[in-house]
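Take a look at the structure below.
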Amino acid sequence: MTEPAEITYLEAIRLALRDALAEDPRVFLLGEDIGAFGGAFGVTSGLAAEFGPERVLDTPISEEGFVGAAIGAAWMGERPVVELQFADFATCPFDVILTVAAKTHWRSGQAIPIVIRMPSGGGVRGGPFHAGSPEGLFVGQPGLKVACPATVEDAYGLTRSAIDDPDPVLVFEHKALYRRARGARPSSGHRTPLCRAAVARSGRDATIVTYGSGVAIALEAVERAGADVEVVDLRTVWPLDGETVLGSVRRTSRVLVVQEAARSTGAAGLVLSLLAREAFETLDAPPSLHAPPDTPVPFAPELEDAYLPSVDSVRSALDELLAY
């Protein structure tokens, strides 16, 4: 059977999991309804039938319990990949992630190669309990890596790199990109390096720094504006690739940070503080932040549309920056 040349963001993640399961017997998946049901969004559909229930495990509704079990398996040399049904539920296993997974290597030298995947973000009418972007809870926590893929290539490549990594990696998968983003089918050897940003578009007049769903929005906003603006896709929001961010801003002298997380959380504060410390004298305008207000994601469609960054709202923020 001929494999499709183009796949979705969701299919890229499933392919990454399938390839990892096929190549490494230490890899196994666990989470709520990921077996026969295929997961809340269908990411793991078909994997239980192919690899069996011992490697694609359905768990009880107990995030702290099964994340803790996965940490124990990683401690013993396995490569567990956990799925949380929604990123909003990351607060349930928060203690074991920060107290055990993130700190064990620093305490004892023991590697904890665990991956925790979680669907995040709005735009799918999930409301305040199922549409959050809580990556900021983990930004700045020593011992963790936090990835937010924006493209099909990186959805595959960051997932594979996370599974390969000897340390805990959290992967925030944007729900609205699952079936909307499409791209070329990556090869099984493809890896996107963790902790390295990418220049998604080159430009000279300003820099937009963003990640996840913000990348496609920023690219379209720049295209509609007809501006010569660089777009930096962070890809990994922690640890931050400060070298790429600073290099871009030093070339353009203006910067707009765009994120879907509420303005006082997410990765924006990390980026802006870096620029204040290291690039202040190169700036021709104050650094600008475009992010939702500090409220939960609204449920009403009209309110959610107004709350989330859009092509029009990013273009407006960019026009204001360029006019300063």
Side-chain angles (χ1 to χ4, degrees), residues 6-9 12-13 120-121 123 133 135 146-161 171-174 176-178 180-186 190-261 266-268 270-272 274-275 279 287-291 308-315 317-319 321-322:
E6 185 179 80
I7 60 175
T8 65
Y9 180 102
I13 298 166
S120 69
S133 298
E135 63 275 2
V146 182
C148 298
T151 65
V152 167
E153 180 182 21
D154 289 340
Y156 181 94
L158 285 170
T159 301
R160 292 303 309 269
S161 292
V171 183
F172 288 82
E173 305 163 358
H174 200 284
L177 298 178
Y178 270 152
R180 182 182 303 166
R182 304 187 68 88
R185 181 187 183 91
H190 173 66
R191 302 290 189 277
T192 299
L194 292 164
C195 311
R196 295 295 170 87
V199 176
R201 185 189 193 278
S202 296
R204 296 178 300 176
D205 294 340
T207 296
I208 297 178
V209 178
T210 188
Y211 59 92
S213 64
V215 176
I217 292 171
L219 289 170
E220 186 174 347
V222 170
E223 189 68 26
R224 289 193 190 180
D228 190 16
V229 173
E230 189 149 296
V231 177
V232 174
D233 176 3
L234 292 176
R235 303 197 295 192
T236 301
V237 297
W238 175 255
L240 184 70
D241 180 3
E243 183 178 349
T244 297
V245 173
L246 290 169
S248 177
V249 174
R250 285 168 177 158
R251 288 193 300 272
T252 67
S253 300
R254 296 171 189 266
V255 61
L256 170 65
V257 181
V258 177
Q259 67 175 24
E260 187 174 317
L270 196 66
V271 175
L272 293 170
L274 171 70
L275 295 172
S288 181
L289 170 63
H290 185 62
L308 296 173
S310 66
V311 172
D312 288 340
S313 67
V314 171
R315 180 176 174 180
L318 179 61
D319 288 344
L321 175 67
L322 292 171

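Keep in mind that the numbers below use all heavy atoms, side chains included, and drop hydrogens, waters and symmetry copies. This one's a predicted model, so the numbers in the text were calculated from it and none came from an experiment.
Remark: E260 pairs with H174, S213 by the side-chain hydrogen bond (donor to acceptor under 3.5 Å, both in side chains) rule, at least two apart or across chains. For the side-chain hydrogen bond (donor to acceptor under 3.5 Å, both in side chains) test, residues two or more places apart in sequence or in another chain that qualify with E6 are R182. Every residue two or more places apart in sequence or in another chain that forms a side-chain hydrogen bond (donor to acceptor under 3.5 Å, both in side chains) with R160 is listed here: E23, Y156. In terms of the side-chain hydrogen bond (donor to acceptor under 3.5 Å, both in side chains) criterion, residue partners of T207 (sequence neighbours excluded) are, by chain and number, S248, T252. Residues meeting the salt bridge (charged side-chain N to carboxylate O under 4.0 Å, His left out) test with E220, sequence neighbours left out: R224.
A distance-only check finds a donor-acceptor pair linking the side chain of T159 to the backbone of A155 [under 3.5 Å]. Using modelled atom types, one side-chain atom of Q259 and one backbone atom of A268 make a donor-acceptor pair closer than 3.5 Å. Here the side chain of H290 pairs no donor or acceptor atom with the backbone of V257 at under 3.5 angstrom. No side-chain donor-acceptor contact under 3.5 Å links Y211 to the backbone of A197. The main-chain N or O of F172 is never found under 3.5 Å from a side-chain atom of S120 such that the two would form a donor-acceptor pair.
Here the closest non-hydrogen pair linking R201 and L219 is CB-CD2, 3.6 Å. Heavy atoms only, all atoms of each residue included: A221 and V314 are closest at CB-CG1, 3.8 Å. Across every non-hydrogen atom of A261 and G266, the tightest pair is CB-CA, 3.7 Å. The two residues L318 and A206 have their closest heavy-atom pair at CD1-CB, 4.5 Å. The two atoms that bring P149 and V171 nearest to each other are CD-CG1, 4.0 Å, heavy atoms only. The heavy-atom pair separating S288 from L321 by the smallest distance is CB-CD1, 4.4 Å.
In this structure, P239 and V146 have side chains that are not in contact, with every pair of non-hydrogen atoms separated by 4.5 Å or more. Residues I13 and E173 form a side-chain contact, since some pair of their non-hydrogen atoms from C-beta on lies under 4.5 Å apart. Using a 4.5 Å heavy-atom threshold, the side chains of T210 and L234 count as separate. Side-chain atoms of L270 and W238, non-hydrogen and from C-beta on, do get closer than 4.5 Å to each other. Inter-residue side-chain proximity for L194 and L158 is flagged as met; some heavy-atom pair is nearer than 4.5 Å. R196 is not listed as a side-chain neighbour of T244, based on a closest heavy-atom distance of 4.5 Å or more. Between C195 and D241 there is no side-chain heavy-atom pair separated by less than 4.5 Å.
Atom CD1 of I217 sits about 7.5 Å away from atom OG of S313, to the nearest 0.5 Å.
Counting only residues at least two apart or on different chains, the salt bridge (Lys or Arg N to Asp or Glu O under 4.0 Å) pairs with a member in residues 226-238 are D154-R235, R204-D228, E230-R251.
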Take V245 and L275 through the side chain to side chain contact (heavy atoms under 4.5 Å, CB included) test and state the conclusion after the steps. CA-CA 8 Å; V245 173; L275 295 172; 4.1 Å; yes

Evaluate V199 against V231 for side chain to side chain contact (heavy atoms under 4.5 Å, CB included), listing each step before the verdict. CA-CA 6 Å; V199 176; V231 177; over 6 Å; no

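With V209 as the partner, the side chain to side chain contact (heavy atoms under 4.5 Å, CB included) test is satisfied by one option alone out of V271, L272, L274: V271.
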